[in-house]
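Just so we're clear, the structure is a prediction, and the values are computed from it rather than from any experiment.
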Amino acid sequence: MNRDEILDFLNANPGCHLATIEGDQPRVRGMFMYRADEKGIVFHTGAFKALYSQLQQNNKIEVCFNSPDIQVRVAGTAEILTDEVLKKEILEARPWLKPLMGEQGENALIVFRVTGCMVSIWTMETNLERTTYLSL
């Protein structure tokens with residue numbers, strides 16, 4: 001897969017699992033990516049969530065996207081964004097987030113982008129091959 005095909009795959013399969021580190025313990029949770037583009041992979045979380053605290057302590061993460069035939073793992077660095085226009089875009093696209101923000105308001109919505117992405121792709125055909133990494 002080339003870069004454009006990888007981005008298309010990620011956007012077509014936004015449900016994923018994201019791993020962080022808390023102390024010396026890995027933490028994995030299901031996520032719903034907002035979008036992937038040439039700048040990186042955009043996610044959001046709540047300021048009150050453990051994910052945000054974990055990113056503040058260690059911003060190295062890995063994300064795994066799947067379809068029935070392909071697995072794409074992306075390792076990178078999470079960068080907290082302060083882009084208010086993007087935050088409003090996300091809130092408009094995902095109105096179900098507004099009630100989750102509760103009394104804390106829009107400041108409770110934390111947007112972050114995964115950058116410096118290194119990608120590995122797995123399929124049944126490549127199952128026995130050594131893992132290779134591509135820069136996204």
Chemist: Spell out, yes or no, whether Val111 and Phe43 are grouped together once hydrophobic residues are joined by side-chain heavy atoms under 4.5 Å, including indirect joins.
Modeler: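 Different clusters.
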
Chemist: Would a hydrophobic clustering, with Ile, Leu, Val, Met, Phe, Trp and Tyr connected at side-chain separations under 4.5 Å, put Leu10 with Met1?
Modeler: yes

Chemist: Using the side chain to side chain contact (heavy atoms under 4.5 Å, CB included) rule, take Arg29 and Gln54 through it: C-alpha gap first, then chi angles, then the decisive distance, then the call.
Modeler: CA-CA 12 Å; Arg29 81 275 294 144; Gln54 292 158 7; 2.6 Å; yes

Chemist: CD/Glu38 to CG/Asp4 distance, rounded to the nearest 0.5 angstrom?
Modeler: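 So the gap between those two atoms works out to 9.5 Å.
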
Chemist: Is there a path of hydrophobic side-chain contacts, each under 4.5 Å between heavy atoms of I/L/V/M/F/W/Y residues, joining Ile61 to Tyr34?
Modeler: no

Chemist: Calculate, to the nearest 0.5 Å, the distance between atoms OG1 and CD belonging to Thr20 and Gln57 respectively.
Modeler: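 Reported to 0.5 Å precision, the distance equals 11.0 Å.
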
Chemist: Out of curiosity, does Val63 fall in the hydrophobic cluster containing Phe112 (side-chain heavy atoms, cut-off under 4.5 Å, transitive links)?
Modeler: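 Yes, same cluster.
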
Chemist: A side-chain contact here means heavy atoms from C-beta on lying under 4.5 Å apart; do Arg35 and Asn11 qualify?
Modeler: yes

Chemist: Strictly distance-based, threshold 3.5 Å: is any side-chain N or O of Ser67 a donor or acceptor partner for the main-chain N or O of Ile70?
Modeler: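 Yes, Ser67 side chain to Ile70 backbone: donor-acceptor pair under 3.5 Å.
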
Chemist: Which atoms form the tightest heavy-atom contact between Asn66 and Asn13, and what is the distance?
Modeler: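 What the structure gives for the nearest pair is O-OD1, 3.5 Å.
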
Chemist: Would you say Leu7 ends up clustered with Ile121 if hydrophobic residues are merged whenever their side chains have heavy atoms under 4.5 Å apart, either directly or through other cluster members?
Modeler: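 Both belong to a single hydrophobic cluster.
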
Chemist: How long is the straight-line distance from NZ of Lys87 back to CD of Glu92, given to the nearest 0.5 Å?
Modeler: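 Atom-to-atom, Glu92:CD and Lys87:NZ are 14.0 Å apart.
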
Chemist: Using side-chain heavy atoms (C-beta onward) and a distance below 4.5 Å, is Leu97 in contact with Ile90?
Modeler: yes

Chemist: Which pair of non-hydrogen atoms, one from Ile110 and one from Gly46, has the smallest distance, and what is that distance?
Modeler: CG1-C, 4.1 Å

Chemist: Between Glu5 and Asn2, is there a donor-acceptor pair closer than 3.5 Å when you use the side chain of the first and the backbone of the second?
Modeler: yes

Chemist: Tell me which pairs pass side-chain hydrogen bond (donor to acceptor under 3.5 Å, both in side chains) where either residue lies in residues 69-78, with sequence neighbours left out.
Modeler: Lys60-Thr77, Glu62-Arg73

Chemist: Give me the atom names and distance for the closest heavy-atom approach of Thr131 to Ser120.
Modeler: CG2-CB, 3.7 Å

Chemist: How far does CG of Asn58 sit from CD1 of Ile21, to the nearest 0.5 angstrom?
Modeler: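 It is 6.5 Å, given to the nearest 0.5 Å.
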
Chemist: Considering non-hydrogen atoms only, spot the tightest contact between His44 and Met31 and give its length.
Modeler: O-CE, 3.6 Å

Chemist: Just by distance, do the side chain of Arg3 and the backbone of Leu134 share a donor-acceptor pair under 3.5 Å?
Modeler: no

Chemist: So which atom in Phe32 and which in Gly15 form the shortest heavy-atom distance, rounded to 0.1 Å?
Modeler: CD1-N, 4.0 Å

Chemist: Looking at every non-hydrogen atom in both residues, tell me the closest pair between Met33 and Arg94 and how far apart they are.
Modeler: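 Of all heavy-atom pairs spanning Met33 and Arg94, the closest is O-NH2, 2.8 Å.
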
